[in-house]
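Since the structure comes first, as structure tokens, the remarks are kept for the end.
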Amino acid sequence: GQALRPAFARDGIYLDPAQGLLKPGTSHLLALDIKSQQFVAGPRGNAWIYYLPEPQQRQNLAGDWRRYVNPLQAAGNVQLPGPFQGQYASRSVTIDRAHANQNVLIHVDGMGVQGVIVNGKLINRSTRVYNSLFSINVTPYVNFGQENLVELVSRPDPQATPIKAVEIRYYDKGVYP
């Protein structure tokens with residue numbers, strides 16, 4: 001048979017696997033999943049677009065975070081979102097038991113952030129960071145109905161880097177991811 005290929009038109013995408021969710025005039029976060037047999041430099045190769053839905057609920061983590069200049073040396077508090085200079089920022093967060101049947105993602109908009117640690121478990125973002133926005137599924141590491149220690153891991157940088165947003169996003173299972 002003939003392969004189905006999406007075609008772009010003024011009113012959206014024909015044969016749209018997102019079922020009409022990508023309408024002209026709306027904004028979306030698009031991500032590329034690139035697979036190759038060899039090293040890929042830039043967006044060459046097969047690329048897939050996927051849809052990032054709105055979460056069922058958000059928990060804003062703005063406020064005081066404990067700042068560390070290295071794993072052993074605390075250096076006071078910092079307000080996040082805001083400029084951050086250090087290697088780690090940590091705070092305790094209670095995640096309600098009502099979210100136990102949902103996926104829990106930490107969502108960060110901060111160029112220097114490499115990953116997160118939740119209750120002692122490191123979840124790496126990437127060794128190569130190309131943009132500031134990411135979400136990491138931390139569901140297996142969360143203690144529902146209890147305090148959870150959340151730490152942002154940043155690359156060492158002599159300049160302060162901006163962290164624009166830090167929040168927890170809750171998604172129903174099967175919606176995302």
Side-chain angles (χ1 to χ4, degrees), residues 16-22 26-36 40 43 45-68 71 78-82 84 86-157 161-177:
D16 177 7
Q19 300 174 354
L21 296 172
L22 302 174
T26 60
S27 61
H28 307 277
L29 174 66
L30 301 178
L32 297 177
D33 181 20
I34 299 173
K35 296 181 182 182
S36 174
V40 176
N46 292 330
W48 300 93
I49 297 175
Y50 66 90
Y51 171 66
L52 180 62
E54 278 298 307
Q56 276 66 40
Q57 190 172 349
R58 297 170 190 254
Q59 184 176 349
N60 192 341
L61 299 182
D64 280 335
W65 288 69
R66 186 84 170 138
R67 183 174 74 94
Y68 291 83
V78 63
Q79 284 287 315
L80 296 179
F84 178 70
Q87 198 167 6
Y88 298 90
S90 71
R91 69 171 288 179
S92 291
V93 177
T94 299
I95 298 177
D96 195 293
R97 284 190 195 281
H99 298 294
N101 291 323
Q102 292 181 304
N103 287 323
V104 179
L105 282 80
I106 299 211
H107 180 81
V108 178
D109 188 354
M111 184 55 107
V113 181
Q114 298 287 327
V116 297
I117 300 172
V118 176
N119 297 322
K121 175 66 177 168
L122 173 66
I123 306 106
N124 239 2
R125 172 183 180 191
S126 174
T127 55
R128 296 185 186 121
V129 177
Y130 298 107
N131 66 22
S132 64
L133 193 66
F134 71 96
S135 294
I136 293 180
N137 189 337
V138 297
T139 309
Y141 317 112
V142 168
N143 298 316
F144 294 97
Q146 301 176 32
E147 290 277 318
N148 292 271
L149 182 61
V150 174
E151 301 171 79
L152 303 180
V153 180
S154 183
R155 64 175 180 252
D157 197 328
T161 57
I163 295 179
K164 299 174 190 171
V166 183
E167 66 183 15
I168 296 176
R169 293 184 173 185
Y170 301 100
Y171 291 93
D172 288 341
K173 301 227 183 226
V175 172
Y176 184 80

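Across all their heavy atoms, Ala62 and Arg91 have their closest contact at O-NH1, 3.5 Å. Here the closest non-hydrogen pair linking Arg67 and Phe84 is CG-CE1, 3.6 Å. Shortest non-hydrogen contact noted between Ser90 and Glu151 is CB-CG, 3.5 Å. The nearest pair of heavy atoms linking Arg58 to Arg169 is NH1-NH2, 2.9 Å. Considering all non-hydrogen atoms of both residues, Pro71 and Gln87 come closest at CD-OE1, 3.8 Å.
Every residue meeting the side-chain contact (heavy atoms from CB on, under 4.5 Å) condition with Val150, not counting sequence neighbours, appears here in chain and number order: Trp65, Val93, Ile106. When the ring-ring contact (aromatic ring centres under 6.0 Å, His included) test is applied to Tyr88, no partner is found at least two apart in sequence or on another chain.
A side-chain contact (heavy atoms from CB on, under 4.5 Å) with Val118 holds for exactly one of Ile136, Val138, Val104, Ile95; it is Val138.
To the nearest 0.5 angstrom, Asp96 atom CG is 11.5 Å from Ile168 atom CD1. The distance from the OG1 atom of Thr139 to the CZ atom of Phe144 is 6.0 Å, given to the nearest 0.5 Å. Between Ile117 atom CD1 and Leu122 atom CG the span is 5.5 Å, to the nearest 0.5 Å.
The number of heavy atoms from other shown groups lying within 6.0 Å of CG (Asn60) is above 12.
A donor-acceptor pair under 3.5 Å is absent between the side-chain atoms of Asn119 and the main chain of Asn148, judged by distance alone. Of the possible polar contacts, one joining the Ser154 side chain to the Gly112 backbone as a donor-acceptor pair under 3.5 Å is found. Judged by distance alone, with hydrogens and angles left aside, the side-chain atoms of Asn103 form no donor-acceptor pair with the main-chain N or O of Tyr171 at under 3.5 Å. The backbone N or O of Asp172 lies less than 3.5 Å from a partner atom in the side chain of Gln56, making a donor-acceptor pair.
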Start with the C-alpha distance between Asp64 and Gln79, add both sets of side-chain angles, then the distance that settles side-chain contact (heavy atoms from CB on, under 4.5 Å), and finish with yes or no. CA-CA 5 Å; Asp64 280 335; Gln79 284 287 315; 2.3 Å; yes

Given the rule in the side-chain contact (heavy atoms from CB on, under 4.5 Å) test, do Leu61 and Leu80 qualify, once you have shown the distances and angles that lead to the verdict? CA-CA 8 Å; Leu61 299 182; Leu80 296 179; over 6 Å; no

Carefully, step by step, assess His99 and Gln57 under the rule side-chain contact (heavy atoms from CB on, under 4.5 Å). CA-CA 9 Å; His99 298 294; Gln57 190 172 349; 3.1 Å; yes

Could you go through the side-chain contact (heavy atoms from CB on, under 4.5 Å) check for Met111 and Arg155 one step at a time? CA-CA 9 Å; Met111 184 55 107; Arg155 64 175 180 252; 3.9 Å; yes

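If you check the side chains of Thr94 and Glu147, you find a donor sitting under 3.5 Å from an acceptor.
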